[in-house]
Each structure stands twice: as structure tokens, then as C-alpha cells.
There are 2 protein chains.
Amino acid sequence: MRRRELIDAAIRTIGQRGSLDVTVAQIAHEAGVSPALAHHYFGGKEQLMLATMRHLLHELGRDLSAALRQASSPRQRISAIIAVNFSASQFAPQTVAAWLTFYVHAQQSAETRRLLRVYARRLHSNLTEALARITDKVQAGLIAEGAGALIDGLYIRHALGADAPEATSASALVEDYITVKLAASGAST
Amino acid sequence: MRRRELIDAAIRTIGQRGSLDVTVAQIAHEAGVSPALAHHYFGGKEQLMLATMRHLLHELGRDLSAALRQASSPRQRISAIIAVNFSASQFAPQTVAAWLTFYVHAQQSAETRRLLRVYARRLHSNLTEALARITDKVQAGLIAEGAGALIDGLYIRHALGADAPEATSASALVEDYITVKLAASGAST
DNA sequence: TAGGTTTGATTGACTGATCAATCAATAAAA
DNA sequence: TTTTATTGATTGATCAGTCAATCAAACCTA
């Protein structure tokens, strides 16, 4: 459908320019249609952006459940969650740039804020759930919070480019955090 | 001088609106002068923004060296660095919002990127220096990297509002990270 | 010190560019 | 024939940046 084509074009455009300061005209041109058509289908720029965000969120969710299906032990589930967040598709510069701009946009758009919270909560609950099988619930919550913040921080630094950690060392850093914290709080591996 | 008044007005305006989508006219109005004057003094919006950023960076640096002067042991220096980053002035919603927008702006402005790297490197080297007196250099570098990312992540989550950690629990989380990592890698207190 | 000159501060009005959004018109499909 | 897709042209708003004109302060000089 045309909606889908426009969303794909929006992601491509945001990625190419590394910015949310993207005009409807640019997106429409990238999709090979007229700007007016974008309005026809989405009603406005804001809704196009939200649809784009939902799409990225959906992809992340899909990757995540695929990875979780492969994991058997709780510890493997944790590693799977981390691996997905630093996988090539999620950690690609354009994707990271898009997320970053969504964070800023959230300052003004309640719906954007809500969607970002959905993502944050999902990450947190997935991590907590797996951690709670290895250590106690309070620790699980704290570790999940730390790991979540760590991931966000590594993303933002990645977006800044140079002397930022690569995907491999970034994910190793999060793995290490969890390993050390688990060891320090009586885990059962 | 007028330059200073305009910078202050810029910070106030960015803070109030929680966004870098701030017009020169808004800033000038906040400062009680005409928009043309802002151009007269700064030559353009970009330079006004950069001056504002330098000002915030300078404040952070000032707070930091004041805090470091109070600290005697390396461990205290580390705590001081963390405390400054989560102090009321630095962790205020408007300040955090401003930093966030600078990160986004860095995608398009080389000078903004450079300034942000200056900040990141300063934080990293301060932490590494203090850590290197407690543990070995390799570990010090890794811990500093983790702590830096953690701080950035907590900032971004704070900017998102609700269910984000408060300043106290955020700084406790970073402290805990460092304590645990030091314990796990043979530290001398 | 009075008069004249330069220099910087400050403004209002204006320009040009950029965009989101609208709409009437047309083409295609159902 | 009715509905849906699609567009070109246009509108209206928003801004950054410019400019010529005013105003004031500081600085000369005789």
C-alpha cells in the first residue's frame, strides 16, 4: 500500500539526512509521489512521523521476539535482548539518528513521549523478567534499570560518532555490567 | 555586556520551551531587545547557539573544579564528578532538554559535535585519572567508559520524564556501578 | 569647552526562502 | 455513476538574515 511506501521513504530520508528536520516534500520525492499525497494518506506531517516511529518500534519488537525464541536459559534471554539492541539493523547510524530525533520530538509531542515510554517499559520488563529468575526481584529491577540506561547512553554516544564504542564493545560493556552485578548479588548463573 | 544577556535569555528560552526549535525573535524578546540586535552581536543563530553551549559547558567545568577541590582521595574525586553531573543545576529539566537538543544539532553542525566531544573527553579523562589510582589503567578506562555512558543514558531518560530515576537514585546507580566494578577488579578501596 | 566627527548600539521595516497544508481539477477504478 | 487516487498550483505562516536610518557615547581639535 501507499502508506507503507511512504513510511519506508520517511525512514530512508531521515537516515540519509540524519535529522528529523525532514520535509514532507523530501519524503514524497523519495517515494516518487507528490507531497500532497502524503497529506492525503496521513493527514499531516506529525502523523506520518508517528507512523514511522511505530514502524521502527514494531521492527525492534519483531527482532526481539525472534531472538528470544532462540534462547533457552534466562541468562541467554538477557544476552539475546542486548544483542538485538546492538544488532546491525538497530545500531545503524541512520536508525540511531532517528531514535535520537524522536527523543527530542518527545519534548513537544505527547504521543511521541508515550511511544518512547512503551519502548522503555518493554525493554525494562523483558530484562527484569529474565533477571528475576537468576537473582531476587529488587536486584533484578535495579540491574534492568542500569542496563537500560547504559544502552541508551551507548546509543547516544554512538550517534555522536568518533571515539564512540563499536557495536561489539558496546554490547560487551553491557554484558559485563550484568555479569558483574549478578556475581555481586548472589546469582545462580 | 549585551552578549551575556542574550546568552542568558537563550538558555531561559530553551528551558521554557524544552526545545532547540527556538527562534531568534523569541530569544531577543526574552532579553527585551530587537531580533536584529542578536544578529548584530552574534552574526547568526548558529553562533548564538554555539555561544550558549559554550556557556553551559563552562558552567559545568566551573562546578566540577569546585567540587574536585573539595575532594582529597581518588574515591572522593570520583564521587564528586558524579555528584556534579546530577546536581540540581545540571540535572534541571531545562538544562537536560538543552543538552539533548545539542546532541541532535551535532548531527549537522561540526562545531557542535566538537564541543560535545570536548565534554565527553573531559568527563572520561577526569574519571580515568582518578580510577587509575585505585585500579589498573585498562580497568580504569573501561569503567570510565561505562560510567560516562550510564550518565548520558540517565540524562536522556530524565528528559523523557515519568518513571525516570530521580537525581538521587540516578547518582546512586552510577556510584554503585563504580563500587561494584572496583570490587570485582581488585581495588585498594 | 563648544563644535564637529567618528564609532558603535539599536531598531523597524523589509526580503527571500522554506514549508505544511489546502483545494480544485483530473484520472482511474469500482 | 460514485468513489478513490493523484496532482499542480497556491496560500499563509514562519523565520533568518539584511539594511538604511536613528541615537548616543566617546573622541577629537582648535
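All chains are named by letter (A, B, ...) in the order of the sequence lines, taking the proteins before the strands, and each is independently numbered beginning at 1.
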* Structure fact -> The side-chain contact (heavy atoms from CB on, under 4.5 Å) partner of A/L154 among A/N85, A/V96, A/V174 is A/V174
* Asked: Looking just at side-chain N and O atoms, do A/Y103 and A/D152 make a donor-acceptor pair shorter than 3.5 Å?
  -> yes
* Nucleotide of C/dT22, D/dG17, C/dT10 approaching B/H39 most closely (side-chain heavy atoms) -> D/dG17
* To do: Taking only the side-chain heavy atoms of B/T23 (C-beta and beyond), determine which of C/dG12, D/dC15, C/dC19 contains the nearest atom.
  => D/dC15
* **Atom-pair distance (CD on B/E5; C1' on C/dA9), nearest Å** => 13 Å
* Consider the side chain of A/S34, meaning its heavy atoms from C-beta on, and name the nucleotide among D/dA16, C/dT11, D/dT7 that approaches it most closely. => D/dT7
* Please work out which of the three classes, parallel, tilted or perpendicular, describes the rings of A/H158 and A/F91, given edges at 30° and 60°. => parallel
* Asked: Looking only at side-chain N and O atoms, does B/Y41 come under 4.0 Å of OP1 or OP2 in C/dG8?
  -> no
* **Side chain of A/K45 (C-beta onward), nearest among D/dG8, C/dT10, C/dA21** => C/dA21
* Is the phosphate of D/dT4, meaning OP1 or OP2, less than 4.0 Å from a side-chain N or O of A/R2? -> no
* **Heavy-atom side-chain contact between B/I81 and B/L68 under 4.5 Å** => yes
* Asked: OP1 or OP2 of D/dA5 sitting under 4.0 Å from any side-chain N/O of A/H40?
  -> yes
